[in-house]
Amino acid sequence: MTQLLHIDASIRMRKNDNPNHDSISKRLAHSFVKQLKENTPIENYTYRDVGTNPPPFTDQEWLGAVFTPKEKRTEEQQRQLKISDTLIGELKEAEIVVISTPMYNYGMPAQLKAWFDQIIRVNETFSFDLARGDFPLTPTLSGKTLVLLTSCGEFGFESGGIRESMNHLAPHIRTLSKYLGCGQVYEIASEYQEFADLRHQASLEGAFAKARDLAKQLA
């Protein structure tokens, strides 16, 4: 039985009246989840579309609540952290985390960054101890798998690609993934969307095929 957390980050809907406006990253993620469900029992499936229903940005009051000992938090501070506590609870229960996201301005959407900021939290998903020297942060979660499904308008963002240095999406998420407790990361990307040519079609079809194969592999 698998515990699955699915996060979509595109501001586009998965299906629109005009198919050209459909979210590619969401389509990839739902195809992966559908294939996974067909091949293994899913005990618990939690879905959040942070692209259309984003968590709030953190602020000074939120930060003050985080650094107040739990037993000393006021009712208002508890309220400040309610959404964060819920999102962290969903993460802690998950065995597989699926994140689908487009590349916006060479990085992740602000809505997805807001989700990460709500869940990567001291004493919840990492501990902090200066006795560790120059690396005082240590993740407290482990044993999870991340499936990252991305889409981008250009191409060549892979290692050795012509735009590798411009890719601030997947490398950023891979860095943060350890604080999700994800020791294993799989990435599938669809490229060339802005070119709308045969290269895009081939990349898209290849991404769907890879997503289906990965779902069978992880089942």
Side-chain angles (χ1 to χ4, degrees), residues 3-14 23 25-26 29-30 33 44-129 135-151 168-185 187:
Q3 306 275 353
L4 182 61
L5 174 60
H6 176 182
I7 306 295
D8 280 342
S10 175
I11 60 175
R12 291 186 174 188
M13 293 187 293
R14 180 164 58 102
S23 166
S25 58
K26 285 180 178 177
H30 284 264
V33 170
N44 185 49
Y45 172 68
T46 301
Y47 175 69
R48 285 193 177 269
D49 185 342
V50 302
T52 59
N53 187 25
F57 292 127
T58 58
D59 56 19
Q60 181 168 297
E61 286 70 27
W62 183 94
L63 192 64
V66 165
F67 284 99
T68 298
K70 188 175 296 186
E71 67 277 5
K72 294 183 179 180
R73 287 173 189 156
T74 64
E75 289 187 8
E76 174 58 23
Q77 287 178 319
Q78 293 175 33
R79 187 194 67 78
Q80 285 278 343
L81 297 179
K82 185 175 181 180
I83 292 176
S84 176
D85 289 340
T86 298
L87 297 178
I88 289 171
E90 293 172 353
L91 173 65
K92 287 181 176 179
E93 290 180 0
E95 296 172 326
I96 297 177
V97 180
V98 177
I99 296 178
S100 84
T101 178
M103 175 183 281
Y104 289 164
N105 296 318
Y106 303 103
M108 74 173 76
Q111 295 91 331
L112 182 57
K113 181 60 164 57
W115 179 80
F116 275 110
D117 288 345
Q118 289 282 353
I119 63 173
I120 299 179
R121 209 174 100 192
V122 66
N123 299 325
E124 290 290 344
T125 52
F126 71 91
S127 64
F128 182 90
D129 187 351
F135 295 91
L137 279 70
T138 297
T140 55
L141 304 178
S142 62
K144 304 179 189 298
T145 296
L146 172 62
V147 176
L148 176 60
L149 302 155
T150 68
S151 62
H168 304 288
L169 176 62
H172 191 180
I173 293 175
R174 282 181 174 271
T175 297
L176 298 178
S177 67
K178 65 179 182 179
Y179 298 106
L180 305 183
C182 296
Q184 198 166 32
V185 179
E187 180 189 350

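Every value quoted in this text rests on a predicted model; they were computed, and no experiment measured them.
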Worksheet item: Hey, are the side chains of V66 and E124 touching, using non-hydrogen atoms and a 4.5 Å cut-off?
Response: no

Worksheet item: Can you tell me how far the CD1 atom of I119 sits from the OG atom of S84, to the nearest 0.5 Å?
Response: 8.5 Å

Worksheet entry | Euclidean distance, I88 CD1 relative to I83 CD1, rounded to 0.5 Å | 12.0 Å

Discussion item. I'd like to know whether R121 forms a salt bridge (charged side-chain N to carboxylate O under 4.0 Å, His left out) with D85, so could you lay out the CA-CA distance, the side-chain angles of the two residues, the decisive distance to 0.1 Å, and finally the verdict.
Written reply: CA-CA 10 Å; R121 209 174 100 192; D85 289 340; 2.9 Å; yes

Worksheet item: Do L63 and T58 come close enough that some side-chain heavy atom pair is under 4.5 Å?
Response: no

Discussion item. When you compare the side chain of I11 with that of Q111, does any pair of heavy atoms fall below 4.5 Å?
Written reply: yes

Practice prompt. Measure from the side-chain N and O atoms of E93 to the backbone N and O of E90, and report whether any donor-acceptor pair falls under 3.5 Å.
Written response: no

Worksheet item: Can you check whether P139's main-chain N or O pairs, donor with acceptor, with K178's side chain at less than 3.5 Å?
Response: no

Discussion item. Does any part of the side chain of F116, heavy atoms only, come nearer than 4.5 Å to the side chain of S177, both counted from C-beta?
Written reply: no

Worksheet item: Should we count CD of E76 as having more than 12 external heavy atoms under 6.0 Å?
Response: yes

Discussion item. For T101 and S25: C-alpha separation, side-chain torsions, deciding distance, then whether side-chain contact (heavy atoms from CB on, under 4.5 Å) applies.
Written reply: CA-CA 6 Å; T101 178; S25 58; 5.6 Å; no

Worksheet item: Should we count NZ of K92 as having more than 12 external heavy atoms under 6.0 Å?
Response: yes

Discussion item. Rounded to the nearest 0.5 Å, what separates atom OG1 in T125 from atom CG in L87?
Written reply: 11.5 Å

Fill in: Backbone N/O of M13 and side chain of S23: donor-acceptor pair under 3.5 Å
no

Discussion item. Before you tell me yes or no, could you show the steps for Q77 and K72 under side-chain contact (heavy atoms from CB on, under 4.5 Å), namely the whole-Å CA-CA distance, both residues' side-chain angles and the distance that decides it to 0.1 Å?
Written reply: CA-CA 9 Å; Q77 287 178 319; K72 294 183 179 180; over 6 Å; no

Discussion item. Taking the ring of Y47 and the ring of H6, is the distance between their centroids below 6.0 Å?
Written reply: yes

Worksheet entry | Check: V97 main-chain N/O paired with K144 side-chain donor or acceptor under 3.5 Å | no

Worksheet entry | Nearest atoms (heavy-atom pairs only) where F128 meets L137 | CD1-CD1, 3.3 Å

Worksheet item: Hey, does the side chain of E187 reach the backbone of L148 with a donor-acceptor pair shorter than 3.5 angstrom?
Response: no

Worksheet entry | Contact check, side chains of I173 and T150, non-hydrogen atoms, under 4.5 Å | no

Worksheet item: Are D129 and T138 side-chain neighbours, meaning at least one heavy-atom pair lies under 4.5 Å?
Response: no

Item to complete: For the residue pair Q80 and D59, establish whether any side-chain heavy-atom pair is separated by less than 4.5 Å.
Response: yes

Worksheet item: Is F135 atom CZ crowded by more than 12 heavy atoms from other residues, nucleotides or ligands, each under 6.0 Å away?
Response: no

Worksheet item: Would you say K26's side chain and R12's backbone share a donor-acceptor pair under 3.5 angstrom?
Response: yes

Worksheet item: Got a sec, which pairs hit ring pair (Phe, Tyr, Trp, His ring centres under 6.0 Å) with one end in residues 54-95, sequence neighbours left out?
Response: none

Practice prompt. Hey, could you give me the CD/CG distance between E95 and L4, rounded to the nearest 0.5 Å?
Written response: 9.5 Å

Practice prompt. Could you tell me the separation between the OG atom of S100 and the CG atom of D49, rounded to the nearest 0.5 Å?
Written response: 8.0 Å

Discussion item. Rounded to the nearest 0.5 Å, what separates atom OG1 in T140 from atom CZ in F126?
Written reply: 9.0 Å

Item to complete: Answer whether the closest heavy-atom distance between the side chains of M108 and I99 falls below 4.5 Å.
Response: no

